[in-house]
Amino acid sequence: MVKVCVLGAFGGIGQPLSLLLKINPFINELSLYDIADCHGIGTDLSHINTKSITRGFDKNGIREALKGSDIVVIPAGMARKEGMTRDDLFKVNAGIMKTLCLHIGQVCSNNVKVLIISNPVNCLVPVAIETFKKLGKLRLENVIGITMLDVIRAETFLRQHLCELGDRENDPLEHEIISVVGGHSGTTIIPLIMDKRIIKFLGVERYHDLIRRIQFGGDEVIKAKKSSGSATLSMAYAADEFISSMISSMVVVVKDAERIEYRRRQKYRYLPGYVYLPSVKGGLALKRRLRQVAHLDVDYFAVPLKFKNGSISHIDLNVLNNLSQEEIELLRIAIGPLQANIKKGEKFVRNTAKM
Ligand SMILES: NC(=O)c1ccc[n+]([C@@H]2O[C@H](COP(=O)([O-])OP(=O)(O)OC[C@H]3O[C@@H](n4cnc5c(N)ncnc54)[C@H](O)[C@@H]3O)[C@@H](O)[C@H]2O)c1
Ligand SMILES: O=C(O)C[C@H](O)C(=O)O
């Protein structure tokens, strides 16, 4: 039995994500909350003939919506328009994140998984962690910033380059040849190509185009949407991929049909996530490795994570092996903005009134 609660379910991401979660056979209960009334979308989705029970709540229903949740996914908050940076969202979204985390801490079990989509992810995960620390609640390794869209973009854009060059064998999705680490904004997004021969094969110009397009993929969507908002559908897909794979590490499969579905949903051996390194197994080793290779000292970093029974069992440390000079440079460039983002999030909670 898995219950998922979506906070911000009425929004551009919230609605398609709720639809995808409603058709996930491993979710038994889905609750939809937003400050906008979610009764309508709850009723709409509840007519779909999948087994899960779906309920929408209004702005007073957050505690009821959260009660008994195994996973809480948060796309609540303001989105960027053209000309804005993710940092411009901080003022509004940090307050929203803190309030939502206070409710989660009061209502949910310490084992609940909190998946943060809202931007700026680099700052809001520290806001959530500091809030839970203050409350003395929740296992901090269960708080994860969702950076899956960066990996999905990386796979898509690399595949396009390889196809243009006539390489149809190295499918990035099947062969895990690209990973993305660091954070989720501009130059803090650090794409790493596992097989260095591919960097050579791409050539300097294509390689640099690829890195830049991954780092600024969000801006590409905002520009194309002509200021009506940022990525919503691809983000809903990315979050569903993450949640599906995570759940598939915890469900007990009994029927054959379920087994097929279960395998289909285990596309990724490792899932990317922005985590608080001191709380995660392997996090301190990763911190040491970052210090060695790029003099980078951070407590938060997006890394490939392995899940067991729905929880992180370890980090894939191999991702930082065998880095090229260009990749080391990308890490070095990321350090300043990433550290500043983390500090901003931590400071926000430390400086706001007692809870
Ligand atoms: N992590 C990523 O890769 C990624 C990708 C795309 C977008 N995002 C971020 O996701 C967030 C949502 O984007 P969107 O396009 O869905 O925006 P949106 O404006 O369409 O939807 C946001 C929703 O949040 C709701 N909301 C606001 N305050 C709330 C509160 N206190 N409690 C509950 N709900 C609240 C709003 O009513 C709205 O329905 C943005 O911050 C955006 O930058 C992150
Ligand atoms: O770019 C944004 O503001 C939304 C999101 O972070 C994205 O990468 O698409």
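What's counted below: heavy atoms across the whole structure, side chains too, no hydrogens, waters or symmetry copies. For ligands, and for the atoms within them, numbers begin at 1 and follow the listed sequence.
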Would you say Asn119 contacts ligand 2, with heavy atoms under 4.0 Å as the rule?
yes
Heavy atom of Met84 under 4.0 Å from ligand 2?
no
Within the 4.0 Å heavy-atom cut-off, what His184 brings close to ligand 2 is side chain
Establish, yes or no, whether a centroid distance under 6.0 Å links the rings of Phe90 and Phe348.
yes
Looking at Gly218, which atoms of ligand 2 are within less than 4.0 Å of one of its heavy atoms?
1 (O), 7 (C), 8 (O), 9 (O)
Under a 3.5 Å cutoff, is there a donor and acceptor pairing between the side chains of Arg153 and Gln215?
no
Under 3.5 Å, is there a donor-acceptor pair linking the side chains of Thr232 and Lys225?
yes
Does ligand 2 have an atom that lies less than 4.0 angstrom from a heavy atom of Arg153?
yes
Will you find, in the side chains of Lys22 and Thr50, an N or O donor that is under 3.5 Å from an N or O acceptor?
yes
Taking only heavy atoms of Ala231 into account, list the atoms of ligand 2 that are under 4.0 Å away from them.
9 (O)
Can Lys137 be said to sit on top of Phe132's aromatic six-ring, NZ or CZ under 6.0 Å from centre and within 45° of the ring axis?
no
Using a 6.0 Å cut-off, check whether atom CD of Glu164 has over 12 heavy atoms from anything other than its own residue.
yes
State the atoms of ligand 2, each with its element, that fall below the 4.0 Å cut-off from a heavy-atom position in Arg80.
1 (O), 2 (C), 3 (O)
Verify whether one side chain among Asn309 and Ser249 offers a donor that lies under 3.5 Å from an acceptor in the other.
no
Under 3.5 Å side-chain donor-acceptor pair for Asn341 and Arg86
no
Distances only, to 0.1 Å: what are the N or O pairs between ligand 1 and the protein that fall under 3.5 Å?
unit_1	atom_1	unit_2	atom_2	d
ligand 1	1 (N)	Ile117	O	3.0
ligand 1	1 (N)	Ile146	O	3.2
ligand 1	3 (O)	His184	NE2	3.1
ligand 1	8 (N)	Asn119	ND2	3.4
ligand 1	16 (O)	Gly12	N	3.3
ligand 1	16 (O)	Ile13	N	2.9
ligand 1	20 (O)	Gly12	N	2.7
ligand 1	24 (O)	Gly77	N	3.1
ligand 1	37 (O)	Asp34	OD1	2.6
ligand 1	39 (O)	Gly11	N	3.3
ligand 1	39 (O)	Asp34	OD1	3.4
ligand 1	39 (O)	Asp34	OD2	2.7
ligand 1	41 (O)	Met78	O	2.6
ligand 1	41 (O)	Asn93	ND2	3.4
ligand 1	41 (O)	Asn119	N	3.1
ligand 1	43 (O)	Asn119	ND2	2.9

Taking the six-membered ring of Phe57, is NZ or CZ of Arg55 closer than 6.0 Å to its centre and within 45° of its axis?
no
Looking only at distance, does Asp219 have an N or O less than 3.5 Å from an N or O of ligand 2?
no
Test of ring centre spacing under 6.0 Å for Tyr276 and Tyr300
yes
